[in-house]
**Q** 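Before we start, here is the structure in question, set down as structure tokens.
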Amino acid sequence: GVVATLLVRKGTLRVGDLVVAGGSWGRVRAMTDHKGQVVERALPSQPVEILGLDQAPMAGDVFDAVDNEKTARDITVYRQKLQREKLSTAPARSLEQMFASAAGQKVKELNLVIKGDVQGSVEAIIGSIKKFDGDEVAVKVLHSGVGGITESDVTLASATGAIIIGFNVRAR
């Protein structure tokens with residue numbers, strides 16, 4: 001199942017508690033401390049790994065313990081709805097739109113997120129990009145990796161105004 005690392009801020013987290021973290025929820029089935037030892041409860045300032053969430057939460061998602069499954073599902077559905085609305089209202093920009101909006105300005109930096117099917121291809125592409133020496137545009141690779149284009153790649157590109165380039169990969 002899904003394993004998530006949590007840092008308890010206040011209260012006590014116990015095995016069997018219902019937890020909501022971002023757009024995921026679940027019952028804590030097992031808990032281990034930073035040494036890998038099984039624990040039954042976690043006190044404030046104690047990091048623990050839990051098992052039992054329905055899907056992996058995003059890094060930095062705040063978690064809460066709730067009283068019943070209905071509350072957990074309602075919170076999760078609401079958060080997922082907000083996330084979908086946020087992504088659907090984000091304007092998609094193509095290269096043509098980006099260059100058209102920058103026609104009157106001096107573009108200093110072109111941010112890229114690069115994803116590929118194998119590490120060798122990604123490294124070769126990054127090496128070629130780093131050799132590019134333009135007077136008007138500096139190309140900067142913000143993130144690169146192997147595998148499909150994920151939601152976190154899209155979020156990074158959206159937040160930084162970067163362009164996502166995928167080679168032999170699909171969006172997941």
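Values in this document were obtained by computation on a predicted structure and should not be read as measured data.
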**Q** Is the shortest side-chain heavy-atom distance between V122 and F167 below 4.5 Å?
**A**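 Side chain of V122 against side chain of F167, heavy atoms only: no contact under 4.5 Å found.
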**Q** Do I75 and V66 have side-chain heavy atoms sitting under 4.5 Å apart?
**A** yes
**Q** Determine, using the 4.5 Å side-chain heavy-atom cutoff (strictly less than), whether L110 and I165 are members of one ILVMFWY cluster.
**A**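 Yes; I165 is reachable from L110 via cluster members.
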**Q** Contact between I50 and V48 at the side-chain level, heavy atoms closer than 4.5 Å - yes or no?
**A** yes
**Q** Between A21 and P57, what is the shortest heavy-atom contact and its length?
**A**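 Reported closest heavy-atom pair: O-CB, 3.6 Å.
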**Q** By the salt bridge (Lys or Arg N to Asp or Glu O under 4.0 Å) test, which pairs, at least two apart or in different chains, include something from residues 56-65?
**A** D64-R79
**Q** Which pairs with one or both residues in residues 38-58 pass side chain to side chain donor-acceptor pair (under 3.5 Å), sequence neighbours excluded?
**A** none
**Q** Answer yes or no: is there a side-chain heavy-atom contact under 4.5 Å between D153 and K115?
**A**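 They are in contact (side-chain heavy atoms under 4.5 Å apart), so the answer is yes.
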**Q** Which pairs would a plain distance check flag for residues 3-18, meaning a side-chain donor or acceptor within less than 3.5 Å of a matching protein atom at least two apart in sequence or in another chain?
**A**
residue : atom : partner : partner atom : Å
D17     : OD2  : R14     : N            : 2.9

**Q** Give the cluster check for W25 versus L51: same hydrophobic cluster or not, with ILVMFWY residues linked at side-chain heavy-atom distances below 4.5 Å.
**A** no
**Q** Side-chain heavy atoms under 4.5 angstrom apart, residues restricted to Ile, Leu, Val, Met, Phe, Trp, Tyr: same cluster for M58 and V20?
**A** no
**Q** Going by atom type alone, with no hydrogens or angles, which donor-acceptor pairs under 3.5 Å involve a side-chain atom of residues 123-131 and a protein atom two or more places apart or on another chain?
**A**
residue : atom : partner : partner atom : Å
E123    : OE2  : Q119    : NE2          : 2.7
S128    : OG   : A124    : O            : 3.1

**Q** If every non-hydrogen atom of V118 is compared with every non-hydrogen atom of V146, which pair is closest and at what distance?
**A**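 Nearest pair, atom of V118 first, then V146: C-CG2, 3.8 Å.
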**Q** Keeping to residues at least two apart or across chains, list the salt bridge (Lys or Arg N to Asp or Glu O under 4.0 Å) pairs with something in residues 20-38.
**A** R27-E69
**Q** Compare every heavy atom of T76 with every heavy atom of A72, then report the nearest pair and how far apart it is.
**A**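 Nearest heavy atoms, A72 then T76: O-OG1, 2.8 Å.
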**Q** Kindly give the cluster partners of L43, where membership spreads through any ILVMFWY side chain lying under 4.5 Å from a current member.
**A** none
**Q** Counting only heavy atoms from other residues, nucleotides and ligands, does the tally under 6.0 Å from OH of Y78 exceed 12?
**A** no
**Q** Sequence neighbours excluded, which residues qualify as side chain to side chain contact (heavy atoms under 4.5 Å, CB included) partners of A157?
**A** V113, A162, I164
**Q** Quick check on the hydrophobic clustering: are F63 and L53 connected, directly or via other members, by side-chain heavy-atom contacts under 4.5 Å?
**A** yes
**Q** Taking side chain to side chain contact (heavy atoms under 4.5 Å, CB included) as the test, write out the residues that go with N68, two or more places apart.
**A**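 N68 satisfies side chain to side chain contact (heavy atoms under 4.5 Å, CB included) with K70, T71 once adjacent residues are dropped.
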**Q** Just so I know, are the side chains of V154 and I149 near enough to count as touching, which here means a heavy-atom distance under 4.5 Å?
**A**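 Side chain of V154 against side chain of I149, heavy atoms only: contact under 4.5 Å found.
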**Q** Rounded to the nearest 0.5 Å, what separates atom CG in L142 from atom CG in N111?
**A** 4.0 Å
